[in-house]
Asks: 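Structure incoming, see below.
One-based numbering, in listed order, for ligands and for the atoms of each. Keep in mind it's a predicted model, so treat the numbers as computed, not measured.
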Amino acid sequence: MLRRHSTMKVGFIGTGSMGSILIDSLLRSGALRPEQITAANRTAAKVELLAEKHPGLQAARSNIEVVLEADLVFLCVKPVEFKRVIDEIRKVTLPSQVVVSITSPVLIQHLEEQLNCRIAKVIPSITNYMLGGATLCMYGERMDEEDKEALEALLSTISEPIRISESHTRITSDISSCGPAFFAHLLQKFIDSAVAETGIPYEQATKLASHMLLGTGKLLTEGGFSPEALQKRVAVPGGITAEGLRLMERELDGMFNRLIRITHAKYEEDLEKVGAMFLKPID
Ligand SMILES: NC(=O)c1ccc[n+]([C@@H]2O[C@H](COP(=O)([O-])OP(=O)(O)OC[C@H]3O[C@@H](n4cnc5c(N)ncnc54)[C@H](OP(=O)(O)O)[C@@H]3O)[C@@H](O)[C@H]2O)c1
């Protein structure tokens with residue numbers, strides 16, 4: 001059974017963008033103390049920098065050392081690196097340990113076939129850096145309810161953990177993890193047009209737009225509004241917002257359907273590539 005996070009030892013393999021965001025956020029939220037964390041990265045300088053930033057955090061010299069130290073290990077490497085890491089740690093994982101993949105096209109079934117420990121898949125989001133947004137949680141057969149609760153208690157310090165079905169990995173990741181980039185893109189377009197059409201200073205438009213998005217998020221999460229109700233509330237009949245919404249309805253028609261088809265097509269390609277890697281004989 002996984003220990004509660006106040007005493008848990010947590011390992012990270014890969015301290016690039018997401019690995020370091022998770023470490024920074026879990027420390028900033030107070031969920032973990034640096035002494036509870038051991039991390040390794042292919043380029044050692046990255047993890048050594050993290051150890052300097054968080055005195056007490058152990059920079060391991062190998063991925064095996066991370067596994068030997070931890071109850072719970074986050075694998076934060078790209079899909080193409082996964083098989084190499086699994087081959088390396090396979091001999092040292094224990095049935096009592098929990099290994100968490102944060103990589104969407106690596107299937108739980110593949111990991112359960114390769115490792116003797118308990119397996120979870122968690123898709124974080126850059127929003128977790130601000131101790132917000134969701135983390136998407138999926139579990140293998142060997143995780144019992146107490147393991148799931150202990151992992152979710154840890155993740156709840158930086159996010160809203162939401163259990164999903166693995167068959168919905170792509171669409172839920174599109175919304176939760178790609179969504180910040182998609183909506184930042186829409187915001188960027190809005191800001192650029194505001195500057196071009198009216199001459200408003202760029203910084204002022206950016207500040208207004210960013211606070212608008214934050215307030216909108218709060219209305220949707222804490223304020224009891226659905227997206228539909230919020231539009232109705234702002235767009236009074238015959239008003240200016242209603243005119244703008246009519247234009248958006250025409251111009252955006254089908255755009256998100258096409259976007260979802262594109263992300264799913266890329267995901268299918270990644271699934272095939274990762275699946276082929278796991279079919280190769282065990283080294
Ligand atoms: N970025 C996001 O918003 C996001 C959100 C959800 C999930 N994810 C998933 O998170 C995973 C990592 O993404 P990322 O953006 O963090 O990528 P990244 O910045 O490239 O980080 C990957 C890290 O893994 C290290 N690494 C590679 N092979 C290794 C090995 N054999 N042993 C130890 N460390 C190794 C790399 O080391 P080097 O320093 O040598 O390159 C690098 O620091 C991806 O699968 C991605 O899909 C990302």
Side-chain angles (χ1 to χ4, degrees), residues 11-26 37-51 53 57-70 73-93 99-108 110-111 114-115 119-130 132-138 155 158-162 164 166 168-185 263-264 266-271 273-275 277-278 283:
F12 290 85
I13 295 180
T15 59
S17 171
M18 243 324 131
S20 60
I21 282 179
L22 284 174
I23 290 174
D24 282 339
S25 310
L26 288 166
I37 299 180
T38 307
N41 191 68
R42 183 175 54 191
T43 307
K46 263 190 209 170
V47 72
E48 282 159 10
L49 215 63
L50 269 176
K53 187 174 164 194
L57 182 149
Q58 271 192 68
R61 277 179 303 260
S62 72
N63 296 334
I64 288 179
E65 197 180 321
V66 172
V67 175
L68 291 176
E69 283 292 324
V73 180
F74 285 95
L75 303 181
C76 307
V77 300
K78 292 223 165 111
V80 60
E81 300 295 340
F82 235 87
K83 184 62 171 30
R84 185 193 302 271
V85 171
I86 298 297
D87 285 342
E88 206 182 334
I89 66 173
R90 180 184 297 111
K91 291 183 192 79
V92 289
T93 56
V99 165
V100 181
S101 158
I102 67 158
T103 302
S104 58
V106 174
L107 299 179
I108 289 171
H110 286 146
L111 296 177
Q114 306 265 333
L115 299 173
I119 303 294
K121 184 153 90 173
V122 166
I123 311 295
S125 162
I126 195 162
T127 53
N128 303 159
Y129 188 63
M130 297 310 294
T135 39
L136 311 171
C137 304
M138 292 152 264
L155 295 171
I158 60 166
S159 66
E160 182 76 33
I162 297 178
I164 60 153
E166 196 175 27
H168 287 150
T169 304
R170 188 59 259 149
I171 188 58
T172 50
S173 304
D174 283 352
I175 297 171
S176 180
S177 301
C178 305
F182 295 152
F183 279 76
H185 183 79
T263 60
H264 281 64
K266 172 77 172 75
Y267 181 60
E268 287 302 320
E269 273 176 34
D270 290 351
L271 272 179
K273 277 189 210 152
V274 174
M277 267 187 239
F278 278 102
D283 298 341

Asks: May I ask whether S104 places a heavy atom under 4.0 Å from ligand 1?
Replies: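 Outside the 4.0 Å threshold, so no.
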Asks: Within the 4.0 Å heavy-atom shell around S17, which atoms of ligand 1 are there?
Replies: 15 (O), 16 (O), 18 (P), 19 (O), 21 (O)
Asks: Is the count of non-hydrogen atoms from other residues, nucleotides or ligands lying under 6.0 Å from Y129 atom OH greater than 12?
Replies: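 Atom OH in Y129 is not crowded, with 12 or fewer foreign heavy atoms closer than 6.0 Å.
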Asks: Is it the case that ligand 1 has an N or O less than 3.5 angstrom from some N or O of N41?
Replies: yes
Asks: As a test of the contact definition, would atom 9 (C) of ligand 1 count as having a protein heavy-atom neighbour under 4.0 Å?
Replies: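 There is a protein heavy atom less than 4.0 Å from atom 9 (C) of ligand 1.
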Asks: So, regarding I126 and ligand 1 (criterion: nitrogen or oxygen to nitrogen or oxygen, under 3.5 Å), is there a contact or not?
Replies: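 Checking ligand 1 against I126, no N or O pair falls under 3.5 Å apart.
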Asks: With heavy-atom distances below 4.0 Å as the criterion, list the atoms of ligand 1 near V85.
Replies: 30 (C), 31 (N)
Asks: Among protein heavy atoms, which lies nearest atom 21 (O) of ligand 1, and at what distance?
Replies: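 Closest protein heavy atom to atom 21 (O) of ligand 1: G16 CA, 3.3 Å.
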Asks: What atoms of ligand 1 come closer than 4.0 angstrom to any heavy atom of E81?
Replies: 27 (C), 28 (N)
Asks: Provide the number and element of each atom of ligand 1 under 4.0 Å from a heavy atom of K46.
Replies: 38 (P), 39 (O), 41 (O), 42 (C), 43 (O)
Asks: Do S177 and ligand 1 have an N or O pair less than 3.5 Å apart?
Replies: no
Asks: Check for me whether S125 has a heavy atom closer than 4.0 Å to any atom of ligand 1.
Replies: no
Asks: Can you figure out which of V77, T127, T135, I123 has its heavy atom closest to atom 26 (N) of ligand 1?
Replies: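 It is V77 that holds the nearest heavy atom.
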Asks: State whether the shortest distance between N or O atoms of P124 and N or O atoms of ligand 1 falls below 3.5 angstrom.
Replies: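 It does not: no N or O of P124 is found under 3.5 Å from an N or O of ligand 1.
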Asks: What protein heavy atom sits nearest atom 40 (O) of ligand 1, and how far off is it?
Replies: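 Scanning the protein heavy atoms, the shortest distance from atom 40 (O) of ligand 1 goes to T43 OG1, 2.5 Å.
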Asks: Protein heavy atom under 4.0 angstrom of atom 47 (O) of ligand 1, is there one?
Replies: no
Asks: From the options C76, P79, P105, select the one whose nearest heavy atom is closest to atom 22 (C) of ligand 1.
Replies: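 Shortest heavy-atom distance from atom 22 (C) of ligand 1: C76.
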Asks: Please check whether E88 reaches ligand 1 - meaning an N/O of the residue sits under 3.5 Å from an N/O of the ligand, judged on distance alone.
Replies: no
